[in-house]
Amino acid sequence: MGSARRNQLLSVGCLAGLLVGSAAPAMAFTTFDVDFSAADKKTSAEATGVSGKMTFSFSKLNPSDAADNRYTLDLNIKNTSPLGSNPSGTLTAFAFNVPGPTSSPDFKLLTYNPLNSGFGDVYGASLTRREVNVSNNQNLIFPTTGKPIRAAYAPFDSFTFCARDTGNNCHGGSQNGTGLTDDQSAAVRFTLASSKSTINSASLVAQSFFDLFNSRTFTQDGDFKNAQVALRFQNVTTSSGAQGKSDKVAGVPRKPPQGPGDEVPGPLPVLGAATAFAFSRRLRRRIATAELRTQPAA
């Protein structure tokens with residue numbers, strides 16, 4: 001057998017094993033980022049140029065109890081507008097939906113704690129009141145029965161939850177709120193419960209929220225209104241120097257490193273490695289036998 005043919009067969013053998021290995025599922029994740037950019041009116045009401053980021057991190061509330069369907073959401077909110085230059089603004093509110101139909105969502109918010117953030121004006125946490133206030137480092141408990149009044153956030157549709165620094169509503173209010181100035185960040189915390197038995201791990205919870213936030217595309221002006229997660233900016237100075245502006249910005253989720261779909265190679269699964277090795281060994285043995293048979297007699 002010629003060397004070219006031998007190398008070709010060996011390559012096929014290795015490839016077959018690798019293909020078997022590649023059928024394994026991609027790595028799960030429990031944390032992901034959502035980016036907000038007011039660069040244009042596809043994702044922004046006013047295209048002022050301000051920007052932000054939210055990081056969603058999920059963990060099981062009681063890891064030792066497999067039957068416990070409660071989870072913690074640690075949420076970091078950051079104003080990523082450049083410090084010391086324009087565009088500039090104050091991040092005053094955030095809002096998001098939970099996965100599932102509005103009539104029967106896949107998750108129920110249980111508690112909200114603003115920690116030290118100052119985001120204590122809450123919307124979407126009462127059956128009878130539009131707004132509820134909670135102090136820093138205090139737990140706000142959501143109603144255990146019934147459906148809380150959704151948070152109005154014009155020109156968006158209403159959201160499951162919204163919180164802001166100060167003001168009369170989540171989508172407007174005072175221009176003098178505290179909020180997060182350029183390059184500042186804050187953390188808040190939620191507990192929530194899964195309503196579906198099939199969503200039973202922190203990674204599945206994270207995937208559900210990621211898929212919801214990723215279900216909207218922003219290709220035309222005005223598409224920002226379809227957002228499932230949004231930020232509110234006030235006291236904005238645009239890139240061109242126009243002052244006293246405000247903006248509402250839609251969020252686009254970003255997969256974490258080695259998240260599903262990312263082009264990050266992982267370790268070859270055991271089944272794939274074993275198959276590749278066994279197939280290659282058998283192929284080498286067959287090639288060696290064929291070469292002996294084709295050798296001329298002495």
Side-chain angles (χ1 to χ4, degrees), residues 34 36 52 54-62 68-77 91-174 177-180 186-196 199 205-206 208-209 212-213 227-234 248-251:
V34 180
F36 301 80
M54 296 172 72
T55 301
F56 287 74
S57 299
F58 297 91
S59 58
K60 199 165 178 63
L61 187 63
N62 186 3
D68 194 332
N69 68 338
R70 297 174 300 166
Y71 299 86
T72 299
L73 164 59
D74 284 304
L75 181 59
N76 185 271
I77 307 120
L91 196 166
T92 59
F94 66 93
F96 63 88
N97 282 320
V98 302
T102 302
S103 58
S104 57
D106 295 346
F107 298 91
K108 181 177 180 57
L109 297 178
L110 303 176
T111 65
Y112 168 69
N113 191 323
L115 302 179
N116 292 311
S117 69
F119 288 109
D121 281 12
V122 175
Y123 303 81
S126 172
L127 301 177
T128 58
R129 296 169 55 193
R130 203 166 46 85
E131 177 183 3
V132 179
N133 300 110
V134 60
S135 301
N136 277 358
N137 296 302
Q138 298 294 313
N139 272 334
L140 172 65
I141 300 175
F142 288 76
T144 55
T145 60
K147 297 176 183 177
I149 299 172
R150 288 176 62 83
Y153 206 66
F156 300 93
D157 289 334
S158 60
F159 285 92
T160 304
F161 179 90
C162 178
R164 67 165 296 144
D165 54 348
T166 61
N168 300 321
N169 52 62
C170 209
H171 57 81
S174 170
T178 50
L180 302 174
V188 301
R189 178 171 295 156
F190 297 83
T191 58
L192 63 156
S194 170
S195 305
K196 299 183 70 174
I199 305 177
V205 175
S208 296
F209 275 82
L212 173 67
F213 298 161
Q228 297 288 348
V229 56
L231 294 180
R232 168 72 163 160
F233 290 85
Q234 294 180 282
K248 298 166 186 176
V249 190

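This one's a predicted model, so the numbers in the text were calculated from it and none came from an experiment. Counting from 1, the numbers follow the sequence of the chain as shown.
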Exercise. Is the shortest heavy-atom distance from the side chain of P99 to the side chain of Q228 under 4.5 Å?
Worked result: no
Exercise. Hey, do the aromatic rings of F213 and F56 have their centres closer than 6.0 Å?
Worked result: yes
Exercise. Got more than 12 heavy atoms from elsewhere within 6.0 Å of NZ, K196?
Worked result: no
Exercise. Partners of N139 by side chain to side chain donor-acceptor pair (under 3.5 Å), sequence neighbours excluded?
Worked result: N113
Problem set entry | Expected output: side-chain T92 to main-chain G179 donor-acceptor under 3.5 Å | no
Exercise. Is there a donor-acceptor pair closer than 3.5 Å between any side-chain N or O of S194 and the backbone N or O of I199?
Worked result: yes
For this session: Could you walk me through whether F161 and V98 pass the side-chain contact (heavy atoms from CB on, under 4.5 Å) test, one step at a time?
Result: CA-CA 8 Å; F161 179 90; V98 302; over 6 Å; no
Exercise. Does atom CD1 of I141 have more than 12 heavy-atom neighbours, drawn from other residues, nucleotides or ligands, at distances under 6.0 Å?
Worked result: no
Exercise. Hey, what do you get for CG (L192) to OG1 (T72), rounding to the nearest 0.5 Å?
Worked result: 8.0 Å
Seminar exercise, completed: Heavy-atom nearest pair, L231 first then G52, reads CD1-CA, 4.0 Å
For this session: Examine F94 together with F36 and report whether their ring centres are nearer than 6.0 Å.
Result: no
Exercise. Quick one: CG on L127 to CD1 on I149, what's the gap to the nearest 0.5 Å?
Worked result: 7.5 Å
For this session: Please confirm whether the backbone N or O of L61 pairs with a side-chain atom of R70, one donor and one acceptor, at under 3.5 Å?
Result: no
For this session: May I ask you to decide if F142's main-chain N or O and K108's side chain share a donor-acceptor pair within less than 3.5 Å?
Result: no
For this session: Check for a donor-acceptor pair, side chain of K248 on one end and backbone N or O of A154 on the other, with a separation under 3.5 Å.
Result: yes
Seminar exercise, completed: Minimal heavy-atom distance between N136 and L115, with the atoms involved, is CB-O, 2.9 Å
For this session: Identify the two heavy atoms, one from C170 and one from A163, that lie closest to each other, and give their separation to 0.1 Å.
Result: SG-N, 3.8 Å
Exercise. When rounded to the nearest 0.5 angstrom, what distance separates CG in N62 from CG in N69?
Worked result: 11.0 Å
For this session: Using ring pair (Phe, Tyr, Trp, His ring centres under 6.0 Å) as the criterion, point out the one residue from F209, F107, Y71, F190 that pairs with F58.
Result: F209
For this session: Using the test ring-ring contact (aromatic ring centres under 6.0 Å, His included), find all partners of F156 that sit at least two apart in sequence or belong to another chain.
Result: Y153, F159, F224
Exercise. Is atom CZ of R189 surrounded by more than 12 heavy atoms (other residues, nucleotides or ligands) closer than 6.0 Å?
Worked result: no
Problem set entry | Non-hydrogen atoms of R232 and Q234 that approach each other most closely | NH2-NE2, 3.6 Å
Problem set entry | Nearest non-hydrogen partners of S117 and V188, listed with the distance | OG-CG1, 3.4 Å
Seminar exercise, completed: Tightest non-hydrogen contact, residues T160 and N97, listed as N-OD1, 2.9 Å
Exercise. So, do D121 and N133 sit near enough that their side-chain heavy atoms are less than 4.5 Å apart?
Worked result: yes
Exercise. In Å and rounded to the nearest 0.5 Å, what is the OG1 to CG distance from T144 to L110?
Worked result: 10.0 Å
For this session: Look up atom CZ in R129 and atom OH in Y123, then write down how far apart they are to the nearest 0.5 Å.
Result: 10.5 Å
Problem set entry | Distance (rounded to the nearest 0.5 Å) between S57 OG and L75 CG | 8.5 Å
